[in-house]
*Asks:* 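Mind having a look at this structure? Questions to follow.
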Number of protein chains: 2
Amino acid sequence: MVIIDAALTRFAEDGFDRATTAAICRTARIGSGTFFHYFPTKLDVLLAILELGTTETGNWFAAQRGRADPGGVLADYVVHAATEFADPRVAGFVKAVGAVMNDEQVAAALARDDAALHDGLLPWVEAAQAAGEVRVDVPAARLCAWVLVVLDGFVGRLAGESGFTAAAEQDMLLDTVQRLLSAGSPAAR
Amino acid sequence: MVIIDAALTRFAEDGFDRATTAAICRTARIGSGTFFHYFPTKLDVLLAILELGTTETGNWFAAQRGRADPGGVLADYVVHAATEFADPRVAGFVKAVGAVMNDEQVAAALARDDAALHDGLLPWVEAAQAAGEVRVDVPAARLCAWVLVVLDGFVGRLAGESGFTAAAEQDMLLDTVQRLLSAGSPAAR
DNA sequence: TGAATACTAGAGCGGTTACTCCAGGAAAGG
DNA sequence: CCTTTCCTGGAGTAACCGCTCTAGTATTCA
């Protein structure tokens, strides 16, 4: 859909509130009548984008079903995420969503997204624990949450103008997640 | 300053654009005349808050000067940061700032803040490397950036309604940073 | 006391924005 | 060919919001 793509661009660039519907229509090369024919509200476009992301993660994890190497799945997911972050609009969009998180509908959509991520990750972390590939001193659910912490921090830093790019830092991301998950305590101080 | 405190509250709750000056004045119990007497612009309040944070980090690191245990300083900084995040407004405020990052002045203030953090951290990481307490396979500057990645991810997650609180996750935060910095590669897969 | 200065309140203004409304195509179906 | 339904553009509108302005009140200093 042209509208969604244009809205994503504008949200990422200007944030939700500063991205005017007029600007979205301009970059989509449509009139405002068309816009509001498909989406009753500016917010609804944001919600639609969010849901797109949620189903995408659902699909990715569904495609992994049956694999026998839980550690490999976890690693693959991290690079998959990093690859998606290569689209420069993603980082900006995440920030834009943050600005309207208090909205009830947005919070619900975000919770659904988080649940998809969590539910996708959890079985693999548990399997990796059972296989002795991942530490067991922390429950799997908490480990999942912390993988997401690192991932969130990663996207957040991509927005700054410094030389922090998804491509250049991908290996460090993978290394960090592996350190987070690996058995054995950090070197004693 | 009453105004700054009220603005922090409103920004954290509603985001920058949705926090109206009228609302800020209401929670500060002042008239709009007073508000604009002290700050020419709504943006200027945000900038003032940002600068407050920057000088605060500067002061913290200045107070550590002369310590001989670089690893201890790093650990202390992490718990110091986590302690500050205990104020529930911090997480919301960080999100609010993200929405206006494209603004030139905000970007500059953010860059200054980042520089304060980076410059504060860097010498200690270098010292810890020299003392063999921290791995040397990654340059100190990049390690600093990644400590900030984890810290950013941490604040980001505090905003969600899940049971992710600064107090409960502080130990995990410290552990994660230590794993990130410690020598030795993650367990081979 | 009186004058000068600093602060405060809130009504109002100009500009902006999400959204409405309608008039006109373009398919689709017969 | 006509009719019905869907789609499209863009002018217009009502509401809102950052900020200005002015008239009034405290405070300071001599």
Side-chain angles (χ1 to χ4, degrees), chain A residues 1-52 89 92-93 95-109, chain B residues 1-52 89 92-93 95-109:
Chain A
M1 172 75 83
V2 213
I3 299 180
I4 285 188
D5 196 69
L8 177 59
T9 303
R10 301 267 42 100
F11 287 158
E13 192 79 19
D14 305 328
F16 181 76
D17 289 297
R18 294 165 120 83
T20 67
T21 56
I24 297 172
C25 293
R26 216 175 307 125
T27 80
R29 298 171 185 283
I30 59 171
S32 64
T34 308
F35 182 96
F36 287 102
H37 176 75
Y38 290 101
F39 297 96
T41 282
K42 190 170 80 164
L43 221 197
D44 286 299
V45 194
L46 188 104
L47 259 17
I49 299 176
L50 242 30
E51 196 171 330
L52 234 54
R89 296 178 300 173
F93 181 74
K95 292 239 147 68
V97 172
V100 285
M101 238 197 333
N102 314 312
D103 181 280
E104 198 180 341
Q105 300 180 77
V106 176
Chain B
M1 174 76 83
V2 212
I3 298 179
I4 286 189
D5 196 69
L8 177 59
T9 303
R10 301 269 40 103
F11 287 159
E13 193 80 19
D14 306 327
F16 181 77
D17 289 296
R18 294 164 118 82
T20 67
T21 57
I24 297 172
C25 292
R26 217 176 307 124
T27 80
R29 298 171 185 283
I30 58 169
S32 65
T34 308
F35 181 97
F36 288 103
H37 176 74
Y38 289 101
F39 297 96
T41 282
K42 189 169 80 161
L43 222 197
D44 286 299
V45 194
L46 189 104
L47 260 18
I49 298 176
L50 243 30
E51 197 173 329
L52 233 53
R89 297 178 298 175
F93 181 74
K95 294 235 146 72
V97 172
V100 284
M101 239 196 332
N102 314 314
D103 181 280
E104 197 179 342
Q105 300 180 74
V106 175

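What you are looking at is a predicted structure, and each value in this text was computed from that prediction instead of being measured. Numbered from 1 within each chain, the chains take letters A, B, ... in sequence-line order.
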*Asks:* Once you round it to whole Å, what is the distance between C1' of D/dC7 and CZ of A/F39?
*Replies:* 15 Å
*Asks:* Please state whether the phosphate of C/dT17, meaning OP1 or OP2, lies under 4.0 angstrom from any side-chain nitrogen or oxygen of A/T21.
*Replies:* no
*Asks:* So what does B/A19 hit on the nucleic acid, given a heavy-atom distance under 4.0 Å: a base, only sugar-phosphate, or nothing?
*Replies:* sugar-phosphate
*Asks:* Using atom CG of B/D17 as one end and atom P of C/dA18 as the other, report the distance to the nearest whole Å.
*Replies:* 11 Å
*Asks:* Quick one: side chains of residues 1-18 of chain A, donor-acceptor pairs under 3.5 Å with protein atoms, not counting sequence neighbours, listed by atom name and distance.
*Replies:*
residue	atom	partner	partner atom	Å
A/D5	OD1	A/R89	NH1	3.4
A/T9	OG1	A/D5	O	3.0
A/T9	OG1	A/R89	NH1	2.9
A/R10	NE	A/D14	OD2	3.4
A/R10	NH2	A/D14	OD2	3.3
A/D17	OD1	B/R18	NH1	2.5
A/D17	OD2	B/R18	NH1	3.3
A/R18	NH1	B/D17	OD1	2.5
A/R18	NH1	B/D17	OD2	3.2

*Asks:* Kindly give the heavy-atom pair with the smallest separation between A/M101 and A/A107, and that separation in Å.
*Replies:* O-CB, 3.7 Å
*Asks:* Using whole Å, what does the distance between atom C1' of nucleotide D/dC17 and atom CG of B/D14 come to?
*Replies:* 14 Å
*Asks:* When you check the phosphate oxygens OP1 and OP2 of C/dT8, does a side-chain N or O of B/H37 lie under 4.0 Å from one of them?
*Replies:* no
*Asks:* Distance check needed: D/dC16 P versus A/R18 CZ, whole Å only.
*Replies:* 20 Å
*Asks:* Considering only nitrogen or oxygen atoms on both sides, find all protein atoms under 3.5 Å from nucleotides 20-23 of chain D and state each distance.
*Replies:*
residue	atom	partner	partner atom	Å
D/dT20	O4	B/S32	OG	3.4

*Asks:* Taking only the side-chain heavy atoms of B/T20 (C-beta and beyond), determine which of D/dG9, D/dC17, C/dC7 contains the nearest atom.
*Replies:* D/dC17
*Asks:* Main chain of B/A19, side chain of B/K42: is a donor-acceptor contact present, judged purely on distance under 3.5 Å?
*Replies:* yes
*Asks:* If you define the side chain from C-beta out and look only at heavy atoms, does anything of A/L46 sit under 4.5 Å from A/F39?
*Replies:* no
*Asks:* Which pairs of donor and acceptor atoms, one on a side chain in residues 25-37 of chain B, lie under 3.5 Å apart (sequence neighbours left out)?
*Replies:*
residue	atom	partner	partner atom	Å
B/T27	OG1	B/I24	O	3.3

*Asks:* Under 4.0 Å between any heavy atoms, over every strand shown, what does A/Y38 touch: base, sugar-phosphate, or nothing? Just pick one.
*Replies:* sugar-phosphate
*Asks:* To the nearest 0.5 angstrom, please state how far the CG atom of B/D44 sits from the CD atom of B/E51.
*Replies:* 11.0 Å
*Asks:* Could you give the CZ-to-P distance, from A/F35 to D/dT8, as a whole number of Å?
*Replies:* 14 Å
*Asks:* Measure from CZ on A/F16 to C1' on C/dA18 and round the result to the nearest Å.
*Replies:* 10 Å
*Asks:* Can you measure B/K42 atom NZ to D/dC19 atom C1' for me and round it to whole angstrom units?
*Replies:* 12 Å
*Asks:* In whole angstrom, give the distance that lies between atom CD1 of B/I30 and atom P of D/dG24.
*Replies:* 22 Å
*Asks:* Would one find a side-chain N or O of B/T41 under 4.0 angstrom from OP1 or OP2 of D/dG18?
*Replies:* no
